[in-house]
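These notes are about the structure you will find just below.
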Amino acid sequence: MPALDADVIIIGAGAVGCAIARELSRYEASILVLEKECDAAYGTSGRNSAVVHAGFNNKHGSLMAKLCVEGNKGFEALAELLNVPYRKTGKILVAFDEADMQELARIKARGEDNGCTGLRLIDGTELHALAPKLRGIGGMLSENTAIFNPFEYCIALAENALVNGARFVFNSEVTAIRHDDTGFTVTAGENLCRCKVLINAAGLYCDKISAMLGINDYRIYPCRGEYFILDKIAGSFLNIPAYPVPRPGIGGLGVHLTPTIEGNIIIGPSAEYISERDDYASTSEIMAKLFTEALDLLPGLERRQIIGNYCGIRPKQAPPGEGGFRDFVIKNEPAVPGFINLIGIESPGLTASVPIARMAAGLVSENMPLKPKNDFIARRRGRVKFSALTQDEQQRLIAHNPDYGEIICRCQNITKQEIRDAIENPFGARSISSIKYRSWATTGRCNGGYCMTRIVDMLVNEYGLKPEEITYRGKGSEMFSGRVK
Amino acid sequence: MTNKEFCGVLVIGAGPGGLAAAKSARESGAESVIVLERNTRPGGILNQCIHDGFGLIRYGKALTGPEYASLALSEALSSGAKILTGHHVTAITPEREVTAYSRSGIRTFCAKSIVLATGCRERTRGAISIPGDRPAGVFTAGVVQELVNVRNIMPGKRVVILGSGDIGLIMARRLTLEGAQVLAAAEILPSPCGLARNVSQCLYEFGIPLYVSTTVTRIIGRKKLEAVELSDVDADLKPIAGTERVIECDCLVLSVGLIPENEIAKSAGVRLNPDNSVRTDEFLQTSVPGIFSCGNSRHVMDLADYVSEQAELAGTNAVRFINGGHMLTWDEEKTNCMKKGFPDKDTITCTVCPNGCQIKYSSGTYSGSKCARGIAFAEQERTSPRRTVTTTIRRKDGVLLPVRTAGTVERGRVIPMVKMIRGMEFCGSEVLDVDGETLKVSAV
């Protein structure tokens, strides 16, 4: 087995793991991230509503509330620094009756207690000025809620950490951990890794990692949320996220409508406790319900605008029956010196990921000295997004590199060079999903009918992959059986 | 900004529609006709339709897709139309200014009239919301056709087809010929959507079961497709509990409908119908004056031959729009005219022409045929059925070339011949001899 040593090992390359890796890469310490999937953001971090929350939904005094508010405040600057698509759209909680308005007044007060700013109750006139097609008699506007691209965000954090010296090892599921006076020995896939400080950012599997070190205090209850994605044509219906007033005990925020950075609308999520943590299946019952509930908010939607669906799974600590949210656990485990647990990082974990990472770095410094580097590179150069450029800029790029003149994804107008940039990512992730997360190809109304074969052609003829080596989402998801002849 | 290039008739798309529109626009007197095609070669989707049966009306013989395309291309070229491949149109204005991206730059064309011939796209899994996992191994039929016939990639070994659209039926046969096992085709409606001749020649002939009033109710397989669950549906097309059965497979092919491709049309403000087809007048003109629409992008059609005919009319009218002449009208009956669904019981589905006559044989006489050719065909089918063999042959560099037998062979020889050709390598000659039959390679 190859041996990999580091000062700090982080288990999990979700938003939290990647943010911690980036945060720690500010210091003179060797960092190693272990991930069971073939790329970052393959779990909960990439399967959600893609919203930067304001922090009014969380219990006053909780870590969730504190870190979410902090995360929201810093997100715009962070997105700019990391070159991640971000838009401060605001968000509306829609009231259907007076009782809802009263509940919203309570939510607003709680939000302000939490430190949220920009919360305002609005009447029907203002509601319909903001979103003419929504139903409702009024609502609460949260001005600081935003939308972003969570894949690009996680990848940006990881790439920035990488540039600053952190190492990432993918396809390496942690199966055993040994702890002794000298530190930790972690078996991850084919690798045997050693470290002084071990951070558990395993999301849905955090309780299992914790149990590998004999700490059995936690249990994760996977809670699935299903989503629909609507065509961009529906995007003109709504340009601000619209949520119902949260009902107590549902363990989610209720089925809501969220415009995406790319101009689609997402409907969802549902909230359903399930028995297996990797069961991302959609169900006919929930799919029927989602659309009906979405129509309550936005009556103009039509079924034929649906272009896809997906699921995310929340790593909940609150068991079925209890409902609601249990606060994040982020702490040094006294029973195992050097072991830092992050448990139950569900929503608003994405928004809070960088404040969580700062907190984790603080916990690391209790175990080992952290000396700041003087050559930390804070800015990440993003990839070129050709369709966002002016025609003159585009013309110049094509003159310099003809691959910018060849459109590979016709739904999203993504060029061959952008696919190339995605394929040539520093992590060597070459699954179709990894290319999709970086380029946004295959996400349109044709579900990749046009671009997938062209991407496959590039992988085979320009990057030397065999057809049977091409995967949808890493090992085990091979897309083709081989050549015809 | 880019320089503007002026032209008479601008055609978008070089499939059968675009090529025919360009030809007729030139023949109707347009001085400059430009066809913009995003692919590197003209022909559109015909290039991947290597089976035969095209051209029965227009050219009076059964051609493969690539053969039909190459005839249509040479007609367009000899008419003097200019075809620009590798030009991807992204937008049109109502003033008929067209933006196209190419490897040599962004070009803006100002046209006096425009013909939209942008074809159609396939309905997807996402659009029909099939429940279950989202593994690798679920494809639309057109994608599978491109993979198998053009890209030399086999999507799987054990295949289930959902939907009975024509491409799905054609691919059931094609995948079988290339060595896959097609386990079933399931259609949610009580009868097939595809042409009767395809049900007969692509499913029945290969013993592939077709389950009607049946749909896929669950896709199973976390990473890679492992199985699909089929269920019967009731009269409202709702699955009936208790009828579920699971079929193990590694590939699910969706043939669940085609949607006219009109995103570019929309950018010009062209009015569409709820099914994304284009609202035209009887002259094939859209709601935006001077912009015409034809073929599958206007309204999905059964037959390339009628696409070409309709497109010729659109091309002519595009010129008459410029010159102020009176326009010609399209006979809407031709848009979708062929026999669909199950072949009638105990009949022979005639494939000599698109009528698809259902011919019955009883005590020495044939009934149901509209012509003598049909009777001859039925006699042949009854006594010793013959088929054209169509497949691909691999060139040394891995590129696949479509091939066909010059004539027909005994039906039983089709599978062994395709298998034989699968092991061969193209040696540079356009005519080959395989198993005593002459094979023609097209699109070399």
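Taking B:His87, B:Arg123, B:Glu178 one by one and counting their heavy-atom pairs under 4.5 Å with chain A, the maximum is reached by B:Glu178. Among the candidates A:Ile306, A:Asp457, A:Ile229, A:Asp279, the residue making the largest number of heavy-atom pairs closer than 4.5 Å to chain B is A:Asp279. Among the candidates B:Gly221, B:Pro239, B:Ala127, the residue making the largest number of heavy-atom pairs closer than 4.5 Å to chain A is B:Ala127. Taking chain A as the reference chain and counting heavy-atom pairs below 4.5 Å, the highest number among B:Pro155, B:Gly132, B:Gly86, B:Gly179 is found for B:Gly132. The greatest number of non-hydrogen atom pairs below 4.5 Å with chain B, out of A:Pro467, A:Gly449, A:Gly482, is found for A:Gly482. For the set A:Gly308, A:Gly448, A:Gly405, the count of heavy-atom pairs under 4.5 angstrom toward chain B peaks at A:Gly405. Ranked by non-hydrogen atom pairs under 4.5 Å with chain B, the options A:Met452, A:Arg473, A:Gln394 are led by A:Gln394. Counting heavy-atom pairs closer than 4.5 Å to chain A, the top-ranked of the candidates B:Lys223, B:Arg103, B:Arg38 is B:Arg103. Per-residue heavy-atom pair counts under 4.5 Å with chain A were compared for B:Gly142, B:Gly137, B:Gly156, and the maximum is reached by B:Gly156. Ranked by heavy-atom pairs under 4.5 Å with chain B, the list A:Asn401, A:Asn309, A:Ile470, A:Asn461 is led by A:Asn309.
With respect to B:Ile130, the side chain to side chain contact (heavy atoms under 4.5 Å, CB included) criterion is satisfied by exactly one of B:Val138, B:Thr124, B:Leu162, B:Val228: B:Leu162.
Of residues 408-423 of chain A, those residues lying under 4.5 Å from chain B by any heavy-atom pair are A:Arg410, A:Asn413, A:Lys416. Residues of residues 254-263 of chain B lying within less than 4.5 angstrom of chain A, judged on heavy atoms, are B:Glu261, B:Glu263 in numerical order.
Between B:Cys249 and B:Arg158, the closest heavy-atom pair is CB-O, 3.3 Å. Closest of all the heavy-atom pairs between A:Pro222 and A:Arg277 is CG-CG, 3.9 Å.
Applying the ring-ring contact (aromatic ring centres under 6.0 Å, His included) criterion to A:Phe480, with sequence neighbours excluded, gives B:Phe139.
Inspection of the B:Ser277 and B:Asp275 side chains reveals an N or O donor paired with an N or O acceptor under 3.5 Å. At a cut-off of 3.5 Å, with distance as the only test, no side-chain donor of A:Glu173 or A:Tyr205 sits close to an acceptor on the other residue. Under the 3.5 Å distance criterion, with hydrogens and angles disregarded, a donor-acceptor pair is assigned to the side chains of B:Thr217 and B:Glu229. Side-chain polar atoms of B:Arg134 and A:Ser282 form a donor-acceptor pair below 3.5 angstrom. Counting only N and O atoms by type, the side chains of A:Ser431 and A:Tyr42 include a donor and acceptor under 3.5 Å apart. A side-chain N or O of B:Ser104 and one of B:Ser102 form a donor-acceptor pair less than 3.5 Å apart. Residues B:Thr391 and B:Arg174 have side chains that bring a donor and an acceptor to within less than 3.5 angstrom of each other.
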When you look at B:Phe109 and B:Leu84, which way does the side-chain contact (heavy atoms from CB on, under 4.5 Å) test go after all the steps? CA-CA 12 Å; B:Phe109 298 88; B:Leu84 300 177; 3.9 Å; yes

Steps toward salt bridge (charged side-chain N to carboxylate O under 4.0 Å, His left out) verdict (A:Lys466, A:Glu478): CA-CA 11 Å; A:Lys466 294 193 181 106; A:Glu478 287 71 24; over 6 Å; no

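Cation-pi geometry between A:Arg303 and A:Phe291 is met: under 6.0 angstrom from the ring centre, within 45 degrees of the axis.
A:Met287 touches chain B through its side chain: at least one heavy atom from C-beta onward sits under 4.5 Å away, while N, CA, C and O do not. Only the side chain of A:Arg304 comes within less than 4.5 Å of a heavy atom in chain B; its backbone stays farther off. Heavy-atom distances place the backbone of A:Ile307, and not its side chain, under 4.5 Å from chain B. Interface remark: A:Asp403 contributes backbone and side-chain atoms alike to the contact with chain B (heavy atom separation under 4.5 Å). Contact of A:Arg445 with chain B is made through backbone and side chain together, with heavy-atom distances under 4.5 Å. Looking at A:Ser284, the atoms closer than 4.5 Å to chain B (heavy atoms on both sides) sit in the backbone and in the side chain alike. Residue A:Glu276 touches chain B through its side chain alone, counting heavy-atom pairs closer than 4.5 Å.
Taking the six-membered ring for Trp and thresholds of 30 and 60 degrees, A:Phe386 and A:Tyr404 have nearly parallel ring planes, at less than 30 degrees apart.
Sequence neighbours left out, the pairs with a member in residues 135-148 of chain B that pass salt bridge (charged side-chain N to carboxylate O under 4.0 Å, His left out) are B:Glu146-B:Arg151.
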